[in-house]
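Lettering follows sequence order; numbering is per chain, from 1.
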Amino acid sequence: MSAKPTRRGLLRSVAAATAALGMPISIATRPTPISAAPADMRAAIKRITGGAEPKFGRVKLGIPPLSENGNTVPITVTVESPMTAQDHVKAIHVVNEKNPQPHVISAWLGPRAGQAMLQTRARLSDTQTIIAIAQLSDGSFWMDSTSVIVTLGACLEEPI
Amino acid sequence: MSRAIIRVSSNARKGEVLTVKTLIEHKMESGFRYTSKGERVPRDIITTFVAMWDEEEIWRADLSSAIAANPFVAFTTVATNTGTLRVTWSGDNGFQVSEEMRITVT
């Protein structure tokens with residue numbers, strides 16, 4: 001780095017200093033360790049994996065970082081896999097952190113799908129972390145997590 | 001009766017990976033809302049989504065209250081043979097709706 005302080009360099013050192021102080025910093029939330037998740041979310045993940053710890057990688061969870069409307073938040077999950085009879089994705093699960101229930105969707109697929117892809121639209125009650133978990137044919141679990149900011153949560157509607 | 005839509009190419013080459021997009025009209029009442037009198041509105045959601053190619057199940061999903069109203073689900077499948085793609089949504093209160101589409105594979 002040159003002697004002249006750059007904006008990027010400054011941001012980096014501020015981020016490093018903040019992290020060193022143990023302060024939460026929003027841009028550093030990815031990836032979120034499962035150990036940091038609330039108990040019911042951890043329980044939901046345990047139900048999916050049977051206690052195995054999913055590894056980060058192979059899974060790509062796509063959600064817009066900011067959603068004005070929590071009633072319909074587009075979610076795309078893709079998993080890197082050749083999708084052959086020997087090596088394929090068996091299931092894709094999505095869980096959330098702060099809704100009244102942690103489960104969002106679970107999909108079961110196989111080599112017949114050609115690709116491991118799932119797209120849907122979720123309801124999110126609040127700004128939170130979403131986790132996608134893939135179960136592979138060899139029994140391993142892979143995951144991705146992302147934070148999403150929700151301006152108007154799905155549960156804040158007027159009572160009907 | 002809920003309207004259901006399947007959007008997929010009706011002609012495909014053998015071995016081609018098709019993206020199937022589906023949409024169904026359903027309120028997906030979460031069971032976590034209350035009336036102005038404080039009574040909980042009972043849950044009424046679609047819980048299961050199954051896609052069949054002729055007699056073979058090709059893709060399945062379990063849906064929760066966290067799925068948005070008028071559920072949209074998209075997935076992929078390999079075009080193996082000319083056949084009928086049939087998608088069935090089922091859920092609370094005996095809800096069951098199917099929609100199908102003929103796909104010609106050459």
- Task: Go through B:T19 and B:V8 one step at a time and tell me if the side chain to side chain contact (heavy atoms under 4.5 Å, CB included) criterion holds.
- Result: CA-CA 6 Å; B:T19 300; B:V8 62; over 6 Å; no

- Please report the C-alpha distance between B:S10 and B:I103 in whole Å, then the side-chain angles of each, then the deciding distance to 0.1 Å, and finally whether the side chain to side chain contact (heavy atoms under 4.5 Å, CB included) criterion is met. CA-CA 5 Å; B:S10 57; B:I103 299 174; 5.5 Å; no

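Nearest heavy-atom pair, A:P54 versus A:I133, reported as atom, atom and distance to 0.1 Å: CG-CD1, 4.3 Å. Residues A:N71 and A:N69 approach most closely at N-OD1, 2.8 Å, considering heavy atoms. The two residues A:A113 and A:M83 make their nearest non-hydrogen contact at CB-CE, 4.1 Å.
Heavy-atom pairs under 4.5 Å with chain B were tallied for A:S106, A:A116, A:G114; the largest tally goes to A:S106. Of all the listed residues (A:L124, A:T72, A:L118), the one sharing the greatest number of non-hydrogen pairs under 4.5 Å with chain B is A:L118. The most heavy-atom pairs under 4.5 Å with chain A, out of B:I58, B:T77, B:V17, B:D62, come from B:D62. Ranked by heavy-atom pairs under 4.5 Å with chain B, the first of A:L109, A:I75, A:I92, A:V94 is A:L109. The candidate from B:F75, B:F49, B:F32 with the greatest count of non-hydrogen atom pairs under 4.5 Å with chain A is B:F32.
Other residues, nucleotides and ligands contribute at most 12 non-hydrogen atoms within 6.0 Å of the CZ atom of B:R13. When the shell of 6.0 Å around CD of B:E56 is examined, it contains more than 12 heavy atoms from other residues, nucleotides or ligands.
For A:P111, the part lying under 4.5 angstrom from a heavy atom of chain B is the backbone only. Residue contact with chain A, scored on non-hydrogen atoms closer than 4.5 Å, involves the backbone and the side chain of B:S30 alike.
The cationic group of B:R86 does not satisfy the cation-pi geometry with B:W53, failing either the under 6.0 Å distance to the six-membered ring centre or the 45° limit from the ring axis. With A:W108 as the aromatic partner, B:R60 does not meet the cation-pi criteria of under 6.0 angstrom to the ring centre and within 45 degrees of the ring axis.
Applying the 4.5 Å side-chain rule to ILVMFWY residues, one finds B:M52 in the same cluster as B:V50.
B:H26 and B:F95 have perpendicular rings, their planes meeting at more than 60° on a 0 to 90° scale where under 30° would count as parallel.
Using a 4.5 Å heavy-atom cut-off against chain A, the contacting residues of residues 63-74 of chain B are B:L63, B:S64, B:S65, B:A66, B:I67, B:A68, B:A69, B:F72, B:V73, B:A74. Contacts between residues 96-104 of chain A and chain B, defined by a heavy-atom separation under 4.5 Å, are made by A:N96, A:N99, A:P100, A:Q101, A:H103, A:V104.
For the residue pair A:E68/A:T151, the side-chain donor-acceptor check at 3.5 Å is satisfied.
Residues satisfying the salt bridge (Lys or Arg N to Asp or Glu O under 4.0 Å) criterion with A:K55, sequence neighbours excluded, are absent altogether.
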